[in-house]
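Written out below as structure tokens is the structure these notes cover.
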Amino acid sequence: MCGIIGYVGKRNAIPVLINGLKRLEYRGYDSAGIAFLNDNKITVRRCAGKIRDLENSIKGERLRSFIGLGHTRWATHGRPSEENAHPHRAGGIVLVHNGIIENYFELKEDLKKKGHVFTSETDTEVICHLIYSFSQKGLSFEDATREALKHVEGAYAIGVINEREPDRMLAVKKDSPLVLGLGEGEFFIASDIPAFLKYTRDVIIPENGELAVITDKGVSISGLISKKPVRKQTTRITWSPAMAEKGGYRHFMLKEIYEQPRAISDTIRGRFFPEKGVVNLEEFSLRAGDLKKVNKIFLVACGTSWHAALIGKYMIEDMARVPCEVDIASEFRYRRPIVPEDSLVIVITQSGETADTIAAQREAQKLGARVLSICNVVGSTSAREADSVFYTHSGPEIGVASTKAFTTQLTGLYLFSIALAKAKGALKSGEIKELFSELLQLPEKVEKALRINNAVLKVARKFYHARDFLYLGRGINYPIALEGALKLKEISYIHAEGYPAGEMKHGPIALIDNNMPVLALAPDDKVFEKILSNMEEVNSRGGKVIAVATEGAAKALVRASHALFLPKTNYYLTPVIFSIPLHLLAYHMAVLRKCNVDQPRNLAKSVTVE
Ligand code: M6R
């Protein structure tokens, strides 16, 4: 996830681009750059680091231009560095991109054979070279761009300028956000409205497969392939600037919860081949031979990432039949673990900078284990030091409470478990295809699950005065009970406990009275009937049951005072779907209790101390 901005108009583009990038910095902040046109020459200025570093690097220079592009990067391909920062250039073509190009490797190899020289490790640079190669064949800027994009697979929102046709900027989108701003004699492109809200509130939202040509006279839009002109409606935005930074959401946490369908799509894109029943192991920087040798797995993490690790154990042991141990990172490093030679240690970390996790990772490497990091931040310490990395493409997570990072970690663990099971011969190809088919439907099912928001809000209104809360789950959803309780404690400061439902009768049942809300996770799996019995046990002691169940499970409804129903998926993916109402519940309770949702007391997004 990155932020792009473009300006064409009568004022100096440089401060407009820098201001716009600052408003987009929440989308990525590991490198930044701008490009601007003067006398048919494009100047590119880039640097690793934040927008502030870019701004400092051009301070005092009298830069002026009326057309330019800007980019703030969240690295996906290639570490954060000046060479990998956008804008990218090929000949006189300069481009910024947000998205992921799935077939960049093949395109790059092909272009290299034709003599193109690449200067970055990014997927983006291939689009630039492709457009340039078609313009060298005599096509106009517009036609070269249309032709180039026919060869590109994946998601993109791009802004392009060309020294040969300096009066215009082109913008195209497919599956990545892009908005156009219409001012008085000035026009903008951006990943998000706040980037230009200071200058105009009038916007056009292009659809996938539309190309916009922007000059200082106006904007014209046409079908990318059909070339047919498209009439678009202009919308007037009424957001306040603060709301706009959060894309219209009140808090980053809520925005990030709603970003999950996109985050999961980006995390699975290009990482498996459903027709062949194969996981793309390059993306794990692993070889099938290496996987085959693995006979023991340790999953190590902190907080919410540790909950993902617990779920990973259920997935790996069930699918691949390889024994797993799960450790809290701060325990692993001091407990003198016995790590056999054929072990793989999987560390899971959103930030890649959690001190306990890094220390555990180093300890594992000292003990001779190979480490795979499942990590969200490219170039972070965990990612750099690990032997193999799987990046979750959830984009920057700003809210302290981890949401989309968690569900993309689960998605990564699901893919890893399939890959391991395949290497070990533990799953048949038909079974693998079924698992892939369910994974392909996951973003849509998450989208559907998010429609539960209003029902969750009603539950929150009923219970936000509670002093304590109990979450019960079984099997692969027991860690979701832990996750629901952690989120409630973390952002609403209500004491909560997560328990394996079968353990309730061994102690916590003594806590139940008519002041104790009990949330029971009841998907229709092999332990459904068991959890129904646990719900009965709560009812008969006066507790209030909130059931979270699979659509159509009427038996859950009769045993609960409140019920929330979710779309059906396979056993391994239920934790992804069932975490959604729990994250929403914690969110609404925190808002109703007037807590600081995005920055809860005493906490930090990345815990870099022991
Ligand atoms: O960046 P990490 O995934 O390593 O962070 C681990 C925990 O600090 C983190 O998950 C924490 O528990 C969250 N605030 C929970 O929402």
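Note that the structure is a prediction, hence the values are computed from the model and not measured. Both counts, for ligands and for their atoms, begin at 1 and track the order of listing.
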Quick one: does any side-chain atom of [X] pair with a main-chain N or O of [Y] as donor and acceptor, under 3.5 Å?
{"X": "H97", "Y": "Y156", "value": "no"}
{"X": "D327", "Y": "V300", "value": "no"}
{"X": "K487", "Y": "S402", "value": "yes"}

Tell me the protein heavy atom at minimum distance from [atom], and give that distance in Å.
{"atom": "atom 10 (O) of ligand 1", "result": "T304 N, 3.1 Å"}
{"atom": "atom 6 (C) of ligand 1", "result": "C302 O, 3.4 Å"}
{"atom": "atom 13 (C) of ligand 1", "result": "E490 OE2, 3.4 Å"}
{"atom": "atom 4 (O) of ligand 1", "result": "T354 OG1, 2.5 Å"}
{"atom": "atom 8 (O) of ligand 1", "result": "V607 CG2, 4.1 Å"}

Nitrogen or oxygen atoms of [X] and ligand 1 under 3.5 Å apart:
{"X": "V400", "value": "yes"}
{"X": "S351", "value": "yes"}
{"X": "T357", "value": "no"}

What I'd like to find out is whether the side chain of F272 reaches to under 4.5 Å of the side chain of F436, using heavy atoms alone. yes

Would you say that I480 contacts T574 through its side chain, given a criterion of any heavy-atom pair below 4.5 Å between the two side chains? no

Can you name the atoms of ligand 1, numbered from 1 with element, that are less than 4.0 Å from a heavy atom of [X]?
{"X": "A401", "value": "16 (O)"}
{"X": "Q350", "value": "1 (O), 2 (P), 3 (O), 4 (O)"}
{"X": "S305", "value": "2 (P), 3 (O), 10 (O)"}

Does K487 have a heavy atom less than 4.0 Å from any atom of ligand 1? yes

Sort and list the pairs that fulfil side chain to side chain donor-acceptor pair (under 3.5 Å) and have at least one residue in residues 588-598, not counting sequence neighbours. N453-H588

Strictly by modelled atom types, are T267 and T411 linked by a side-chain donor-acceptor pair under 3.5 Å? no

With A481, which residues qualify under side chain to side chain contact (heavy atoms under 4.5 Å, CB included), at least two apart? Y471, L521

